[in-house]
Protein chains: 2
Amino acid sequence: MKKGQVTITDLAKELNVSPSTISRALNNSPFISEERKKVIMDLAKKMNYSPNQLALSLLNKRTKILGVVVPEITSYYFSTAINGIQDKVGSSGYKLMISQSNESFEEEIRLMEAMALVRVDGFLISPSSNTTTFDHFEKIKSSGFPLVVFDRDCLGFEADKVVVDDYSGAFQAVEYLVKTGCKRIAHIGGAASLSTTQHRKMGYLDALAKNNVSIVDELIINGEDSSSESGVTCMLSLLNLEVIPDAVFCYNDAIAIGAMSVIRERGIQIPEEISLVGFDDEPYSSYFKPSLTSVWQPIYDLGLLSAKILLDNLMADNESSSYRYEVLKPELMIRESSKKLPI
Amino acid sequence: MKKGQVTITDLAKELNVSPSTISRALNNSPFISEERKKVIMDLAKKMNYSPNQLALSLLNKRTKILGVVVPEITSYYFSTAINGIQDKVGSSGYKLMISQSNESFEEEIRLMEAMALVRVDGFLISPSSNTTTFDHFEKIKSSGFPLVVFDRDCLGFEADKVVVDDYSGAFQAVEYLVKTGCKRIAHIGGAASLSTTQHRKMGYLDALAKNNVSIVDELIINGEDSSSESGVTCMLSLLNLEVIPDAVFCYNDAIAIGAMSVIRERGIQIPEEISLVGFDDEPYSSYFKPSLTSVWQPIYDLGLLSAKILLDNLMADNESSSYRYEVLKPELMIRESSKKLPI
DNA sequence: TTTGATTATGCAAACCTTTGCATAAGACTA
DNA sequence: TAGTCTTATGCAAAGGTTTGCATAATCAAA
């Protein structure tokens, strides 16, 4: 906001008319004579006038700013979702206020409060892995802010939600491993509190059960987080088992990449001795050697749809009482790190 | 901004005092009796009052919002820079309005204009690869917005700038290749208009010249962009040469990864037959097989420093006439895709 | 000429907060 | 008792814009 900003009053003084006349002319009101309109518009252009959004926001009670909070910006996953959000939102004149919680519950609260203070028109939230209570969401919601939760579900909190069917993705992946002949299929999980972690594990367990593969506790490891480093650590302990697994289904690609490097170092062949499957299908995954079989997620669409729902809520000012729950379908991308199906 | 927001006037009515008294009490003015202060503060807390930032911004002529425009959010590179920016800025109560230009000049202008309208307090800009004129920057600057350009330099436009010494990074990398015995060192460049592309090529050329390695035109290819796909295409044409190179210095890791996959497919050994060096040191680069030698950039610090300079400008309201030009030093990370130095 | 209709414009309030200036009440001094 | 000084509070303006209502000016019709 700059000192020299020309205001509607400046224009008014210049032409010796009242500010209201200027305002009406600029908004093309029918009550202003055409000639005057022209004079005013020309002057506005000449003096480089643009209306002060702050004043407008104050008046209209909306800022045309949307608050976005994600666990981290740096990950391909969330930045792609943001990409989708921006593409949806850009054309409708909404701006994005983006922040990352760094997977911190407290930070998430702090950020959302700050955004509420700025009076964003609504929220798009992907909760941190340490968010287990949702009072802050309730508070925001009951203050009248529309809010859409995306990617990570919050059990027990009612709101519009857009998620990926992690269960199905995991199920597909593990069933595929079974069908290619794997018998001892391990799982390296992500942060325990995340809905995604739980759903993927569920998919893993159910796929084993359905296909009559016994579930072995020692083959299931929960990583600290979802980093490549965690993949390294967990894979090391899997390789220390008396009988090592013949397949590993990882919570995500980062973990799988870490695991891959450990397996390679030990001189174990992928996929002949151990099949490896990731989740997320990050852009580099296909360039790895062997290229990584992974579950692709429609994460861009996830952002797009979340934004669309929020925008819809913003249009329809009558609060609808029911919430939308959208589930997008992931897809298994088969590459070299897993065996071929027997024909 | 919600209907039910409680204002200072609501508090005033409740207690039958004037809004000014409320305001003073809340701001701990010495002209209000202690007992009344207490009553007011308690009520404010009880009614969940928080001051309307919009009204404050209008009054104070500042929003405490910073505008950030990057070419793309999805890349590890820029999201890490944003990371640094947020970490610097968060504690001082500034919020970030972030957008990506998608490497489009027009979009960059549009975004900056929208942000100017919202009256952000300042700009942090990394120009798109198609930005070759800087009138829009000049306009923003002359409207009184402080502006810091980071990562990509704009020749001919004066402003505070924070960049990485691409020249030095490239020089180090190529000199290292020479010292490990490479004689036919190719270069795959990025988008032609970028300062980074030019500087890295310069570093490449000068390193060759200084070490008396002849510069061969057919070994220098300018990619369309800086994607892995471009790496694939360019590497293919390098492998079609009568005499193929014994080393390739790539504009960035994405290109190098694409190149690596092509080289592997042909059954050519890395680094024995071809050494490969990237730039950016993306997190997965060390997990590739062979792990990728790359030039690490202090990109987080780049964001941090850019934000610091902007904040400094915001504090010091007297416009300093000279601009800061900060150059950060990159560092060569030697891994398996390049040969060892002879001892 | 007066009335009524039409057209173009201005006033003031509203959005919310802060702050310089004015003022009321009360206490103290001469 | 009148005058002065404190102390606590309120008024109103400012920041920029929109908009309902009022009004001035013009013209046509009776």
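The chains referred to below are lettered A, B, ... by the order of the sequence lines, with proteins before strands, and numbering in each begins at 1.
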Whether B/Tyr49 contacts C/dC16 is assessed here as follows: a side-chain N or O lying under 4.0 Å from the phosphate OP1 or OP2. Is that the case? no
Looking at A/Lys61, does any N or O in its side chain come under 4.0 Å of the phosphate oxygens OP1/OP2 on C/dC16? yes
Please tell me which of A/Ile8 and B/Arg36 maps to the more 5' nucleotide of DNA chain D, matching each residue to the nucleotide holding its nearest heavy atom. B/Arg36
Is it the case that C/dC11 (base atoms only) and A/Ser20 (side chain only) share a donor and an acceptor within less than 3.5 Å, ignoring hydrogens and angles? yes
Side-chain donor or acceptor of A/Arg24 under 3.5 Å from a matching atom on the base of D/dG20? yes
Of the nucleotides C/dT18, D/dT18, C/dG10, which one has an atom closest to the side chain of A/Ser23? D/dT18
Are OP1 or OP2 of C/dC15 and a side-chain N or O of B/Asn52 less than 4.0 angstrom apart? no
Would you please classify the geometry between the B/Phe123 ring and the B/Phe145 ring as parallel, tilted or perpendicular, with 30° and 60° separating the classes? perpendicular
What nucleotide among C/dA8, D/dG10, D/dT17 has an atom nearest to a side-chain atom of A/Leu59? D/dT17
Flag yes if more than 12 heavy atoms outside A/Glu138 fall under 6.0 Å of its CD atom; otherwise flag no. yes
Side chain of A/Thr7 only, please: which of C/dC16, C/dG10, D/dG16 is the nearest? D/dG16
Rounded off to whole Å, could you give me the CZ-to-P distance for the B/Phe31 and C/dC21 pair? 12 Å
Rounded to whole angstroms, how far apart are NZ on A/Lys13 and C1' on C/dG10? 16 Å
Separation of B/Lys37 atom NZ from D/dA8 atom P, in whole Å? 9 Å
For atom NZ of A/Lys139, is the number of surrounding heavy atoms from other residues, nucleotides or ligands below 6.0 Å larger than 12? no
Go nucleotide by nucleotide along DNA chain D from the 5' end; which of B/Leu56 and B/Ser33 gets its closest nucleotide reached first? B/Ser33
Please report the distance, rounded to the nearest Å, between CD in A/Glu35 and P in C/dA8. 9 Å
Side chain of B/Pro51 only, please: which of D/dT17, C/dT17, C/dG10 is the nearest? C/dT17
Figure out the CG/P separation between B/Asp10 and C/dC15, and round it to whole Å. 10 Å
Side-chain N or O of B/Thr9 less than 4.0 angstrom from OP1 or OP2 on C/dC16? no
Closer than 4.0 Å, any side-chain N/O of B/Asn60 to the OP1 or OP2 of C/dT18? no
Rounding to a whole Å, what distance do you find between A/Ile32:CD1 and D/dT19:C1'? 12 Å
Separation of D/dG16 P from B/Leu54 CG (nearest whole Å): 14 Å
List the atom of A/Lys37, the atom of A/Ile32, and the distance in Å for their closest heavy-atom pair. CE-O, 3.6 Å
Salt bridge A/Arg110-A/Glu113, side-chain N to carboxylate O under 4.0 Å: no
